[in-house]
Amino acid sequence: MKQSQGKDKGTGVPIGNKRPSRLRQIATMDFFQLHLVAAMLLGITAISGVSTYFDVLAHKHVLRNELERRTEWFGAGIQPQLEQQLAAGAANWGEVLRGLRSLPDQPALALFDSRRDLLGTAGEMPALASLPANLLERAIGTGREMDAFVHIQDNQDAPRLWLEEVMPVRAGTQKSATLVMLANADSIRAESMQIWKRSFLRIAAMVLLIFAVTLAMVRWFLHRPLKRTAEWLRRLRHGEAGAGEGVKEFGCLAPLAEEMSSLAGHLRKARAAAETEARLRNRGERVWTAERLAAQVRDCLGDGRLYVMSNREPYMHIRQGGETRCIVPPSGLVTALEPILQSCDGTWIAHGSGSEDSLYVDEYARLRVPPDDERYTLRRVWLTPEEESGYYEGFSNEGLWPLCHIAHTRPVFRAGDWQHYRDVNRRFADVLLEEMRETEHPVVFVQDYHFALVPAMIQEARPDARVAIFWHIPWPNPEAFGICPWQAVLLDGLLGADLIGFHLQSHCNNFMDTVDRVLEAKTDRENFSIRRHGHLSGVRPYPISVAWDQAAAAVERRRTANRGTQDGHDGVALTNRELGLRREWGIDDGFLVLGVDRMDYTKGIPERLLAFERLLEEHPWYKEQIVFVQIAAPSRTRIPAYARLGTEVQKLVERINQRYQTTRWKPVILIERSCSREEVRRYYHAADLCLVTPLHDGMNLVAKEFLEARRDGDGMLVLSRFAGAAQELEDALLVNPYDIVEVSEAIHSGLQMQRSERRLRMGRMRQQVKEHNVYRWAAEILTDLCAVRISEEAAEPVRGGMELEPA
Ligand code: ADQ
């Protein structure tokens, strides 16, 4: 342990060699700050300098106006007396002028006669001769008062500023003279200098203040987040920090950190996948991962392009809480097919059922997904409400769904629904054909009972396409399927596929029997293939499963080992959040039994509730010691049978609760909504026992999700014999869901089972799901699909002369 401290976990190189030294960090920061501060200082000084200059200019203007006004007033004041003296023919003008200029700070005076001869002066009149003669000339010429500021070089060192005001003086029409007043304007200059100085000091103080504030802001808003981000990135690199952990603390760098976080997430996943692959190669294990699946599919597709079709789309744009959100509907199918499409940039064709879907597509109803990492194309198909109701709710879910499940709900077949089903299948097939118009040898993977007619439509238009369809629900025996008035058309539609997949061998057998019974076709039970009109279809079981995240499982195992069982709950190491969840239902130390289903009559929810009621009846000491949480996502609510089921379940829950509840405890909690994947996972973690008791189910992913989620290796599964999953999970407590006593006793023995046995069973079941995960499911189907077609093409020259066999 000690040895690894201070080392880079990936390379074993001491961190000190790679990490920038504190000195270098400081130097980098200071250099950055210095530049920033210098630039700011320069900028602020320039702006302040220019603004001060204009300030001073404006002030100067005001002072000059003021001086001009004062000089004019003074001139106007002495003008009448001058005119009197002129009229009287005064002899000594020097004395007259000195008499008029009573105060020393009044302007100096000089009087010129009409011939421009100086008559007399008063006050300091420097360089009289150098006064701008043209001002005098112009004033005499125009007979108007004029003024100008002039610099006069007298015996001082520097030229001084003066205001020269020239004013005509008249006595009648005969006598005239011109008065020149010189006012010292040097004070304006001195005052301007004062303003410059004052402004400069103010600017200096302001710059200093801004400098300090900027520095503080840089340190607080940039330096600190930068340091934190750098530290977080370092920890992220060493795998010590979570991807999104504390991103909000990074201030203005949070968006960058979020991007980095998602990048790091991708890198970590890639690294984990590579490590897992390497480990598996070393151990010679055959566990499938998303990466391995992607590589396999790329390999077998070659130049071909993959097209997937399903009713449900992988990304939906919906309006929620006043904003549009892009959600991934909870579906095992998306988990399985996404890595394939992402790896080969395929096209997924699906019903655009989100309320805002049409706003996020181009003119061809396409968009690139995933939205934050565009890797493949989603082509949305639009349906009218009538089409949706006839094709989806009517024929698919009121007809085919109950037809294929032995749950004793009558299938309803209406001619109008069938018409819609055919039309919608045609529409989807046309869209697919349009999408693959320019692709040679496309590979098509159609999903489920919503599109039974599509394979033949594709086969007919594009014989070069390889087509597989996977039927996600059971296939009943020929007698049961014979109820459907259009069974032959459906079978012909399906036989357009090169490969028809079911969960179980028994479903394949039923399918072969049905074809034998209904169509003129050659069925081969040795190779499990059917030839109809010269086209060969393979029929194979591919038990679907869930994703298995090796890296996450390893992390969880380590965490569990560290936590141990210190929380005191026998064997199940619970996180605080999960403990909180148990407390919420008032059973800190008691048992949590869980059911997670769509609210569907095939899932056996009422029977399960009756079994739980019987448990309370038979073992009264469970009172206040047990809670059954049933999460039921509303499903197909517009179909009457589903609406009735909802009411029945609510009434049953009410009855049981009324019978057993106490003031602080309710035995059954019904959560009637679709929960997020994380929420469902929390329940899986917290549960002591998961009840999966469908009356009939193709596979049932909840059972496998529960096992995958139990990385602590504990918990028990009670599983219906009539779920496809029961074929693989022999270590579950298998029950007949109709047998209330058996289910009730299975719950009891599951809860009371020895910890060692429970863990042994859980370990074996987890191993099964790990080895037969959803990536393996997808890889096997696509590999078989490519192989079937290739071997047939290879045999093309001798077609008709020999029996072709799928590989
Ligand atoms: P479903 O009939 O839908 O699938 P299932 O396989 O159990 O049944 O899958 C249900 C999925 O929905 C699971 O992933 C589960 O976690 C999720 N889910 C259920 N209730 C939920 C809730 N309240 N909130 C959120 N998520 C919820 C059909 C066939 C099955 C077959 C699958 C896949 O009927 O037999 O296993 O397709 O092929």
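Order of listing sets the numbers, starting from 1, for every ligand and every atom in it.
Close approach of ligand 1 to V702 (heavy-atom distance below 4.0 Å) involves ligand atoms 7 (O), 15 (C). Against a heavy-atom cut-off of under 4.0 Å, A633 is close to the following atoms of ligand 1: 21 (C), 22 (C), 23 (N). Here is the list of ligand 1 atoms found below 4.0 Å of a heavy atom in H503: 31 (C), 38 (O). Annotation for ligand 1: atoms under 4.0 Å from non-hydrogen atoms of V596 are 19 (C), 20 (N), 21 (C). Under a 4.0 Å criterion applied to the non-hydrogen atoms of G698, ligand 1 contributes the atoms 35 (O). Under a 4.0 Å criterion applied to the non-hydrogen atoms of I631, ligand 1 contributes the atoms 23 (N).
A tilted orientation is assigned to the rings of Y376 and Y315, their planes being inclined by 30° to 60°. By the 30° and 60° cut-offs, the orientation of the rings of Y738 relative to H408 is perpendicular.
At distances below 3.5 Å, at least one donor-acceptor pair connects side-chain atoms of R766 with backbone N or O atoms of L707.
For the salt bridge (charged side-chain N to carboxylate O under 4.0 Å, His left out) with E728, the qualifying choice from K704, R764, K770 is K704, the only one to do so.
Residue contacts with ligand 1: A632 is placed with no nitrogen or oxygen under 3.5 Å of a nitrogen or oxygen of the ligand (distance criterion only). Here's the thing with N700: one of its N/O atoms is less than 3.5 angstrom from an N/O atom of ligand 1. Between I544 and ligand 1, not a single N/O pair is under 3.5 Å apart. Between D597 and ligand 1, a contact under 3.5 Å exists for at least one N or O pair.
Distances from atom 1 (P) of ligand 1 to the heavy atoms of E672, K603, H472, K704 show the closest one on K603. Among A703, C675, A709, the residue whose heavy atom lies nearest to atom 26 (N) of ligand 1 is C675. By heavy-atom distance, the residue among R598, R673, M699 lying nearest atom 3 (O) of ligand 1 is R598.
For W777 and F470, the gap between ring centers is short of 6.0 Å. Between F445 and Y307, the distance separating the two ring centers is not shorter than 6.0 angstrom.
At most 12 heavy atoms of other shown residues, nucleotides or ligands fall within 6.0 angstrom of atom CZ in R638. Atom CD of Q661 has more than 12 heavy atoms from other residues, nucleotides or ligands within 6.0 Å.
Ion pairing between R312 and D448 fails under the 4.0 Å rule for side-chain N and carboxylate O.
For E679, the closest heavy-atom approach to ligand 1 does not fall below 4.0 Å. W401 counts as a contact of ligand 1, since one of its heavy atoms falls under 4.0 Å from the ligand.
Judged purely by distance below 3.5 Å, without hydrogens or angles, the side chains of E654 and Q650 never pair a donor atom with an acceptor atom.
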